[in-house]
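Read the structure below first, then the notes.
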Amino acid sequence: MKQIISKSAIKEVKVLGSYGKLYHDSNVYPHTLKKLSKDVKQNKAEAIAIAAILLAQLLTPNAVLVPVPQSSGKADYTLKLANQIQEIRQDCKVCDVLSGNKRQKLYDIKKTQNSLEGVDLGFKVKYVRKHKRTLKSTPNVYLLDNVLATGFTYLQAKNALTQFADIEPSVLAISALSKWIDK
């Protein structure tokens, strides 16, 4: 599948490493980041706790995390992950402002359609005034997801978010395909 957006279209990409590769410190996390990403997606508490500890180290001070909704239309495991990061990094805030359409998982859509062309995740902002102030008060806004693959989810989430507040979000994810990682 072709890359949806270019690397330069994202302000900043912060990930633990390449999807499928071992985390650089195998004493801290001895499995592949693919396993960690999948375990977080399956809402496994231990994986969410490990990912939160590791991701908290990547954040800039006073970051704002916006969890990306899953196929249920709500941020579930990403919200749990964001909240645990906030417990670790108390200078960071969580703004659960995005919702979307209930839909099939993107992986299943790609398997049946061979493409995500025409797929609308229906991301919209749940308007809350305090979140708008929070989002505009820092240049360090991160869309939080488990994997950055094509940039498709990021782009739709960013479009919804920028209609709500004039911001340029970065990405914080557990892992990414190698094309997103600085070598």
Side-chain angles (χ1 to χ4, degrees), residues 1 3-5 10 13-17 19-20 31-56 58-59 63-88 92-128 131 135 141-164 167 169-177 180:
M1 182 172 178
Q3 184 172 318
I4 301 293
I5 60 175
I10 300 176
V13 173
K14 290 199 174 205
V15 295
L16 297 175
Y19 188 73
H31 305 291
T32 65
L33 292 175
K34 178 178 181 178
K35 178 172 176 28
L36 181 60
S37 297
K38 285 185 175 193
D39 286 352
V40 166
K41 191 172 191 166
Q42 292 172 355
N43 241 327
K44 293 184 178 178
E46 183 180 8
I48 291 172
I50 290 168
I53 290 166
L54 297 173
L55 289 170
L58 300 179
L59 285 177
V64 175
L65 300 174
V66 178
V68 174
Q70 285 78 67
S71 59
S72 66
K74 299 175 191 169
D76 183 21
Y77 64 83
T78 53
L79 179 57
K80 288 178 184 174
L81 182 57
N83 286 333
Q84 285 202 18
I85 292 170
Q86 183 181 35
E87 286 179 28
I88 296 163
C92 126
K93 293 185 173 121
V94 175
C95 290
D96 181 22
V97 296
L98 289 176
S99 65
N101 296 334
K102 191 172 183 175
R103 57 172 169 74
Q104 270 187 301
K105 293 179 184 340
L106 292 179
Y107 177 79
D108 294 334
I109 294 171
K110 286 188 273 188
K111 275 188 354 190
T112 57
Q113 293 181 189
N114 264 351
S115 166
L116 293 175
E117 191 172 326
V119 174
D120 181 9
L121 302 178
F123 287 153
K124 56 190 168 291
V125 173
K126 305 177 281 187
Y127 182 79
V128 180
H131 289 308
L135 289 167
V141 176
Y142 293 89
L143 288 166
L144 176 63
D145 209 348
N146 66 327
V147 177
L148 176 60
T150 63
F152 181 82
T153 305
Y154 166 82
L155 189 58
Q156 290 204 19
K158 175 190 169 200
N159 288 343
L161 200 54
T162 55
Q163 289 176 13
F164 174 67
I167 56 170
S170 297
V171 171
L172 178 65
I174 295 166
S175 59
L177 297 187
W180 297 104

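With rounding to the nearest 0.5 Å, the separation of CG in Leu144 from CG in Asn83 is 10.0 Å.
Remark: Glu46 CD is loosely packed, at most 12 non-hydrogen atoms of other residues, nucleotides or ligands lying under 6.0 Å away. Counting heavy atoms of neighbouring residues, nucleotides and ligands inside a 6.0 Å radius, atom NZ of Lys38 does not exceed 12 of them.
Although no hydrogens or angles enter the test, the distance criterion places no donor-acceptor pair under 3.5 Å between the side chain of Gln156 and the main chain of Tyr154. Thr78 places a side-chain N or O within donor-acceptor distance of the main-chain N or O of Val68, the cut-off being under 3.5 Å.
Evaluation of the salt bridge (Lys or Arg N to Asp or Glu O under 4.0 Å) rule for Lys124 yields no partner, not counting sequence neighbours.
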Please lay out, stage by stage, how Asp96 and Lys126 fare under the test salt bridge (Lys or Arg N to Asp or Glu O under 4.0 Å).
-> CA-CA 8 Å; Asp96 181 22; Lys126 305 177 281 187; 3.5 Å; yes
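By the 4.5 Å heavy-atom criterion applied to side chains, Leu98 and Leu143 are counted as neighbours. Using a 4.5 Å cut-off on side-chain heavy atoms (C-beta onward), Leu65 and Tyr142 make contact. For the pair Lys34/Val147, no side-chain contact is recorded, criterion being any heavy-atom separation below 4.5 Å from C-beta on. Residues Val66 and Leu135 form a side-chain contact, since some pair of their non-hydrogen atoms from C-beta on lies under 4.5 Å apart. For the pair Val64 and Ile167, the minimum side-chain heavy-atom distance is 4.5 Å or more. The side-chain heavy atoms of Asn43 and Lys80, taken from C-beta on, include a pair separated by under 4.5 Å.
Heavy-atom minimum distance, Ala149 versus Trp180: O-NE1, 2.5 Å. Here the closest non-hydrogen pair linking Ile174 and Ser37 is CG2-OG, 3.4 Å. The shortest heavy-atom contact between Leu79 and Ala75 is CB-O, 3.5 Å. A pairwise comparison of heavy atoms in Gly100 and Phe123 identifies CA-CD2, 3.9 Å as the closest pair. Between Val40 and Tyr77, the shortest heavy-atom distance links the atoms O-CB, 3.4 Å. Between Gln86 and Lys93 the shortest heavy-atom distance is NE2-CA, 3.7 Å.
Between Pro67 and the choices Ile85, Asp145, Val94, Leu81, the side-chain contact (heavy atoms from CB on, under 4.5 Å) rule is met once, by Val94.
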